[in-house]
Amino acid sequence: MSRTKTTAYEGFTAEERAAMKEHAQEVKKEARRSSRADKAAEAVRDVVAKIAEMPDSDRVMAERVHAIVTANAPMLAPKLWYGMPAYALDGKVVCFFQGADKFKARYATLGFNDQAKLDDGAVWATSFALIEVTPEVEARIGALVRQAVS
C-alpha cells in the first residue's frame, strides 16, 4: 500500500498570529479598566481609533458600518475583537467588521456570530462580502443587524 503525499500543516499566517496577539492585548486592556461605564466608553474609543487607522477603502466602509450598527441596534456595545470593530450583546460578539486589508483579502466582511438571530430554515448566511456601502447596502446591513438582535 503506498502513501499519498499530503501537504504539511504550516501553522497560522502572520496575519492570523497578529490578530491573536491583538485579541490577547484587548482582553488584558479590558480587564484593567475600572467601572462598567469606563469600560464601555473606552471600548467605543478603541473601536473608533481602530477604524481611523484603517486604509481609506476599509475605513470608509467601517465608519458606515459602525454608524449603521449603532443606529439600528443601540443595545449592541462596540468593542474590539481580534483587532476588528465588533458589536456585542451581554459581552458576546454578535457582529463584526473585518477590513480587506486585515487578511489581504479582496473584500471586507460583515460577519455574524451564532448569537445573531439570522436563522432562516436549515441554512443561512453568517458573513457578507463588502466592496462598497451604497444606500441599498446600508439598508440591507440595517435589516440584518435589526434581525440579529430581534
Side-chain angles (χ1 to χ4, degrees), residues 6-120 123-134 137-138 140-150:
T6 60
T7 306
Y9 174 71
E10 295 184 24
F12 295 107
T13 66
E15 293 83 7
E16 290 168 332
R17 284 191 302 277
M20 288 185 280
K21 286 179 183 177
E22 280 184 288
H23 182 62
Q25 291 171 345
E26 293 158 8
V27 170
K28 287 178 188 176
K29 188 175 182 181
E30 191 173 310
R32 286 191 298 264
R33 294 181 179 144
S34 55
S35 74
R36 186 176 293 219
D38 288 345
K39 287 180 182 184
E42 189 66 28
V44 171
R45 285 192 292 273
D46 290 347
V47 167
V48 170
K50 183 59 78 172
I51 290 171
E53 293 172 4
M54 293 179 177
D56 287 345
S57 58
D58 286 340
R59 182 185 47 75
V60 169
M61 286 190 288
E63 288 172 345
R64 291 304 311 136
V65 167
H66 179 73
I68 295 164
V69 171
T70 55
N72 285 277
M75 72 289 294
L76 293 179
K79 66 183 279 179
L80 289 178
W81 187 61
Y82 292 95
M84 299 174 285
Y87 305 87
L89 184 63
D90 299 326
K92 296 183 179 182
V93 173
V94 174
C95 62
F96 60 91
F97 174 85
Q98 178 180 301
D101 188 65
K102 179 94 175 157
F103 294 106
K104 299 179 180 22
R106 68 181 182 95
Y107 52 80
T109 303
L110 175 64
F112 292 87
N113 285 338
D114 59 345
Q115 288 78 23
K117 298 173 185 157
L118 298 179
D119 305 39
D120 184 17
V123 63
W124 58 89
T126 60
S127 65
F128 300 84
L130 295 173
I131 54 172
E132 70 176 316
V133 180
T134 64
V137 172
E138 286 186 16
R140 176 76 170 129
I141 293 170
L144 285 166
V145 170
R146 287 189 304 275
Q147 181 181 348
V149 295
S150 64

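Treat the numbers as computed from the prediction; the structure is a model and nothing was measured.
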Nearest 0.5 Å please: distance from the [atom1] atom of [X] over to the [atom2] atom of [Y].
X: Gln147; Y: Asp120; atom1: CD; atom2: CG; value: 7.5 Å
X: Glu16; Y: Lys21; atom1: CD; atom2: NZ; value: 13.0 Å
X: Met54; Y: Met84; atom1: CE; atom2: CE; value: 9.0 Å

Relative to the ring of Trp81, is the ring of Phe96 parallel (under 30°), tilted (30 to 60°) or perpendicular (over 60°)?
tilted

Would you name the heavy atoms of Glu22 and Tyr82 that are closest together and state the gap between them?
OE1-O, 4.0 Å

Please find the pair of heavy atoms, one from Gln115 and one from Val93, that lie closest to each other, and give the distance.
OE1-O, 3.0 Å

Within the supplied structure, the quantity of interest is the number of heavy atoms (other residues, nucleotides, ligands) at a distance under 6.0 Å from Asp119 CG; does it exceed 12?
yes

Check the surroundings of atom CZ in Phe103: do more than 12 heavy atoms from other residues, nucleotides or ligands lie under 6.0 Å from it?
yes

May I have the list of side-chain donor-acceptor pairs in residues 60-78 shorter than 3.5 Å, sequence neighbours left out?
from, atom 1, to, atom 2, distance (Å)
Glu63, OE1, Arg59, NH1, 3.3
Glu63, OE2, Arg59, NH1, 3.2
Arg64, NE, Glu138, OE2, 3.0
Arg64, NH2, Glu138, OE1, 3.2
Arg64, NH2, Glu138, OE2, 3.3
His66, ND1, Tyr87, OH, 2.8
Thr70, OG1, His66, O, 2.9
Thr70, OG1, Ala67, O, 3.2
Asn72, OD1, Arg146, NH1, 2.4
Asn72, ND2, Ile68, O, 2.8

Run the side-chain contact (heavy atoms from CB on, under 4.5 Å) test on Leu118 and Thr126 for me, step by step, so that the C-alpha distance in whole Å, both residues' side-chain angles and the decisive distance to 0.1 Å come before the verdict.
CA-CA 8 Å; Leu118 298 179; Thr126 60; 5.6 Å; no

Test your reading of the model: is there a side-chain donor-acceptor pair from Asp46 to the backbone of Leu80, 3.5 Å cut-off?
no

Output yes when Glu42 and Arg45 qualify as a salt bridge under the 4.0 Å nitrogen-oxygen rule, no when they do not.
yes

Using the side-chain contact (heavy atoms from CB on, under 4.5 Å) rule, take Phe97 and Leu130 through it: C-alpha gap first, then chi angles, then the decisive distance, then the call.
CA-CA 10 Å; Phe97 174 85; Leu130 295 173; 4.0 Å; yes

